[in-house]
Amino acid sequence: METTLVLVKPDGVQRGRIGSILARFEAKGLQLVGLKLLKPEASLLEAHYAVHAERPFYGSLLKFMGSGPVVAVALRGEGAIAVVRNLVGSTNGAEAAPGTIRGDFGMSKSFNLIHASDGAETAESELALWFAEGTLDESLDSLAWVNDPEA
Ligand code: CMP
């Protein structure tokens, strides 16, 4: 089992896409184990995006991400990190495959609706930042019908 972090970014919240984005993860069979709506502090965003600190878009990225509420989501499932990345699609909505969240809901590289952890180490550090209080331990009964225990 893996747990990964998703953020619905300010554009996704402002455009009323929280429900339709979360619905895709639920429909896939991932379990929500953390969920909160918040306007993130600059210090949280700086820690989250430290890896991009030298990029030319870093300043505008922090400004955008701090411009309004975001939804932080922790999702659990078998191979959840890669499963979620595949559902999210590639960075630029204009090029992301139809059927992915970015491919279906957006056309921008920066206003790309959603963030998802890109690997096991990132998921661990990002979850510690956004869900310092921890995530839900309990598993939904329905998860037993998502992955075949004998496969
Ligand atoms: P995210 O998955 O949150 O990780 C880094 C973010 O930087 C990315 O999504 C985009 O929102 C943003 N980003 C990546 N490349 C560019 C770019 N060339 N110009 C502007 N923003 C970018």
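Bear in mind the structure is a predicted one, so any value in this text is a computation, not a measurement. First listed ligand is number 1; within each ligand, the first listed atom is number 1.
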Note every protein N or O atom lying under 3.5 Å from an N or O atom of ligand 1, pairing the names and giving the distance.
unit_1: ligand 1; atom_1: 2 (O); unit_2: R102; atom_2: NH2; d: 3.3
unit_1: ligand 1; atom_1: 2 (O); unit_2: H115; atom_2: ND1; d: 3.3
unit_1: ligand 1; atom_1: 3 (O); unit_2: K9; atom_2: NZ; d: 2.7
unit_1: ligand 1; atom_1: 3 (O); unit_2: Y49; atom_2: OH; d: 2.6
unit_1: ligand 1; atom_1: 3 (O); unit_2: H115; atom_2: ND1; d: 3.2
unit_1: ligand 1; atom_1: 9 (O); unit_2: K9; atom_2: NZ; d: 3.0
unit_1: ligand 1; atom_1: 9 (O); unit_2: N112; atom_2: ND2; d: 3.3
unit_1: ligand 1; atom_1: 11 (O); unit_2: K9; atom_2: NZ; d: 2.9
unit_1: ligand 1; atom_1: 11 (O); unit_2: S110; atom_2: O; d: 3.3
unit_1: ligand 1; atom_1: 11 (O); unit_2: N112; atom_2: OD1; d: 3.3
unit_1: ligand 1; atom_1: 11 (O); unit_2: N112; atom_2: ND2; d: 3.4

**Message:** Is there a path of hydrophobic side-chain contacts, each under 4.5 Å between heavy atoms, that joins L22 and L7?
**Reply:**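 No, separate clusters.
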**Prompt:** Between Y49 and Y58, does the ring centroid distance fall short of 6.0 Å?
**Reply:**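 Judged by ring-centre distance (under 6.0 Å), Y49 and Y58 do not meet the cut-off.
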**Exceeds 12 heavy-atom contacts within 6.0 angstrom, atom CE of M107** =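 No, the 6.0 Å shell around CE holds no more than 12 heavy atoms from other groups.
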**Prompt:** Taking the side chain from R76 and the backbone from T135, do they hold a donor-acceptor pair closer than 3.5 Å?
**Reply:**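 Not confirmed, R76 side chain does not pair with T135 backbone.
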**Request:** For residues I21 and V71, determine if any side-chain heavy atom of one lies less than 4.5 Å from a side-chain heavy atom of the other.
**Result:**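 SC-SC contact between I21 and V71 ruled out.
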**Message:** Suppose the criterion is salt bridge (Lys or Arg N to Asp or Glu O under 4.0 Å): which pairs have a residue in residues 124-144, not counting sequence neighbours?
**Reply:**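 Listed by first then second residue: K36-E133.
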